[in-house]
Amino acid sequence: MTPITEVEGRRVALSNLEKVLYPETGFTKAELLHYYATTAGALLPHLRDRAVSFLRYPDGPGGQLFFTKNVPPGTPEWVTTAEVPRSSPDSPARMVVVQDLPSLVWAANLVAEFHTHQWLVRCPEEADRLVFDLDPGPPAHIVHCCEVALWLRERLAADGIEAYPKTAGSKGLHLLAAVRGSSSERTSEYAKALAVEAERALPRLVVHRMTKSLRPGKVFVDWSQNAARKTTATPYTVRARPAPLVSAPVTWQEVADCRNPAQLEFRADDIAPRLADHGDLMAPLLDPESAARLPRATPGPESATRPP
């Protein structure tokens, strides 16, 4: 019989709690659910009011992985959903919006990574996040991403934009910033311009194009996740990797001090102590007063000489 638990007055069906999802560490589905329930205070604000795409891996990272964007069959009626635009205005999608702890526990039972857009469901035409996904091409690794991140931090600061880093939970690094007053298209243009600028400033280290032949030994500054249709791993989500690695917010000091990839590798059981020590390092993203406006003009080639 599928166990039923009550979460804040909602009845949530759980399943296969003893299943080992991560054989490398013996991490079970019950432990995954416990992680999300105990991290909810930090995670939920980053999910709230955002349509969620689920990268599901019900049999663990070694099994089948598939994206679920539309509301899954069997979704409880009390889980919030919202219509969101697609490329065709005549065929909007209906997606889940994780607003509260019962919805989070229900979603965690699906065994999924949480991915969100850079806009809120109430205002899909305006981006409220700027994101850079720093993806290293072997033999480059996250230490090289840190060097690029520090350059981008200073460059963004010159435009009045404060960036916050987190691990991808896989091999790279994400930078997020709160923005306002721009469309996803305008935000993408700005992000691409800075990626091009980073490549000019750090030509031996950075590439701004996805072309695979260009990427070995360099850091791909992926600016394209600012597109309205794209999503990025949410802070604190567990990733479908061999071990239960988390997309974990980190301090800029940790980025500057990183000399070994293991220094920025955090598993699910590392997060509670980090939250106790640091709180939510990405909480400033949630303050509308901290959101910056993008510069009126897209950065031009001449700004590539700006010192890091």
Side-chain angles (χ1 to χ4, degrees), residues 1-22 27-60 65-84 92-117 119-124 128-129 169 231-240 244 246-249 267-269 271-272 274-276 279-280 282-283 285-286:
M1 180 180 293
T2 300
I4 304 289
T5 189
E6 186 169 302
V7 183
E8 295 183 346
R10 302 292 192 185
R11 289 168 57 83
V12 184
L14 306 178
S15 59
N16 302 317
L17 295 179
E18 301 306 314
K19 178 185 282 189
V20 175
L21 296 175
Y22 295 85
F27 193 78
T28 65
K29 185 174 179 181
E31 290 175 295
L32 181 71
L33 290 168
H34 176 75
Y35 165 79
Y36 279 120
T38 55
T39 311
L43 169 59
L44 274 172
H46 295 287
L47 289 171
R48 196 167 286 125
D49 298 330
R50 296 181 190 276
V52 178
S53 292
F54 302 111
L55 176 59
R56 298 186 59 188
Y57 56 108
D59 295 315
L65 278 69
F66 54 96
F67 262 108
T68 298
K69 294 190 175 184
N70 294 325
V71 177
T75 298
E77 54 86 21
W78 43 261
V79 171
T80 300
T81 64
E83 278 196 356
V84 299
R94 180 158 288 276
M95 300 176 68
V96 167
V97 184
V98 177
Q99 298 289 74
D100 51 33
L101 182 59
S103 300
L104 177 62
V105 173
W106 164 79
N109 187 64
L110 299 176
V111 186
E113 297 179 2
F114 297 94
H115 292 245
T116 47
H117 301 281
W119 42 264
L120 302 172
V121 291
R122 63 175 178 267
C123 194
D128 74 328
R129 292 285 181 272
T231 59
T232 303
T234 307
Y236 303 105
T237 190
V238 180
R239 304 303 302 267
V246 173
S247 185
R267 301 188 180 193
D269 57 3
I271 301 305
R274 288 184 61 79
L275 286 170
D280 176 16
M282 292 204 153
L285 292 175
L286 305 169

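Residue numbers count from 1 along this sequence.
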Trainee: Are the side chains of D100 and T80 in touch, meaning some heavy atoms are under 4.5 Å apart?
Mentor: no
Trainee: Just by distance, do the side chain of E113 and the backbone of A240 share a donor-acceptor pair under 3.5 Å?
Mentor: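 Present.
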Trainee: Shortest non-hydrogen contact from T28 to E18?
Mentor: CG2-O, 4.0 Å
Trainee: Determine, step by step, whether V238 and Y57 satisfy the side chain to side chain contact (heavy atoms under 4.5 Å, CB included) criterion, reporting the C-alpha distance in whole Å, the side-chain angles of both residues, the deciding distance to 0.1 Å, and the verdict.
Mentor: CA-CA 11 Å; V238 180; Y57 56 108; 4.1 Å; yes
Trainee: Are any non-hydrogen side-chain atoms of P72 and V96 less than 4.5 angstrom apart?
Mentor: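 Counting from C-beta outward, P72 and V96 do come under 4.5 Å.
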Trainee: Hey, could you give me the CG/CG distance between L110 and L55, rounded to the nearest 0.5 Å?
Mentor: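 So the CG of L110 and the CG of L55 are separated by 12.0 Å.
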Trainee: Ignoring hydrogens and angles, tell me if any N or O in the side chain of K19 forms a donor-acceptor pair with the backbone of P58 under 3.5 Å.
Mentor: yes
Trainee: Taking the six-membered ring for Trp, are the ring centroids of H115 and F67 within less than 6.0 Å of each other?
Mentor: yes
Trainee: How far does CG of N16 sit from NZ of K29, to the nearest 0.5 angstrom?
Mentor: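 That separation rounds to 5.5 Å.
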Trainee: Can you confirm whether more than 12 heavy atoms, excluding those of R11, are under 6.0 Å from its CZ atom?
Mentor: no
Trainee: Start with the C-alpha distance between H46 and D280, add both sets of side-chain angles, then the distance that settles side chain to side chain contact (heavy atoms under 4.5 Å, CB included), and finish with yes or no.
Mentor: CA-CA 10 Å; H46 295 287; D280 176 16; 2.8 Å; yes
Trainee: Measure across L44 and Q99 and return the closest heavy-atom pair with its distance rounded to 0.1 Å.
Mentor: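 Shortest heavy-atom separation between L44 and Q99 comes out as CD2-C, 4.3 Å.
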Trainee: Looking at every non-hydrogen atom in both residues, tell me the closest pair between A40 and L104 and how far apart they are.
Mentor: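 Looking at all heavy atoms of both residues, the shortest contact is CB-CD2, 3.6 Å.
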Trainee: Output the distance between atom CZ (R56) and atom OG1 (T68), rounded to the nearest 0.5 Å.
Mentor: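 R56 atom CZ to T68 atom OG1 measures 5.0 Å (nearest 0.5 Å).
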Trainee: Give, for atom OG of S247 and atom CG of L43, the distance between the pair rounded to the nearest 0.5 Å.
Mentor: 10.5 Å
Trainee: With a 4.0 Å cut-off, would you call R122 and D128 a salt bridge?
Mentor: no
Trainee: Atom OG1 of T234 and atom CG of L47: how far apart are they, to the nearest 0.5 Å?
Mentor: 5.0 Å
Trainee: Measure the spacing between CE of M95 and CG of N70 and express it to the nearest 0.5 Å.
Mentor: 7.5 Å
Trainee: Do any N or O atoms from the side chain of R10 and from the backbone of V79 form a donor-acceptor pair under 3.5 angstrom?
Mentor: no
Trainee: If I compare all heavy atoms of I271 with all of A248, which pair ends up nearest, and what's the gap?
Mentor: CD1-CB, 3.9 Å
Trainee: Give me the atom names and distance for the closest heavy-atom approach of Y236 to A42.
Mentor: CE1-CB, 3.8 Å
Trainee: So do R129 and T116 actually touch side chain to side chain, heavy atoms under 4.5 Å?
Mentor: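 Counting from C-beta outward, T116 and R129 never come under 4.5 Å.
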Trainee: Which atom pair, heavy atoms only, marks the closest approach of N109 to S15?
Mentor: OD1-N, 3.1 Å
Trainee: Using 30° and 60° as the class limits, which term best fits the ring planes of F114 and Y36: parallel, tilted or perpendicular?
Mentor: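 If you compare the ring of F114 with that of Y36, the planes turn out perpendicular.
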Trainee: So do the side chains of R50 and V98 get within less than 4.5 Å of each other, counting heavy atoms only?
Mentor: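 Contact flag for R50/V98 side chains = no.
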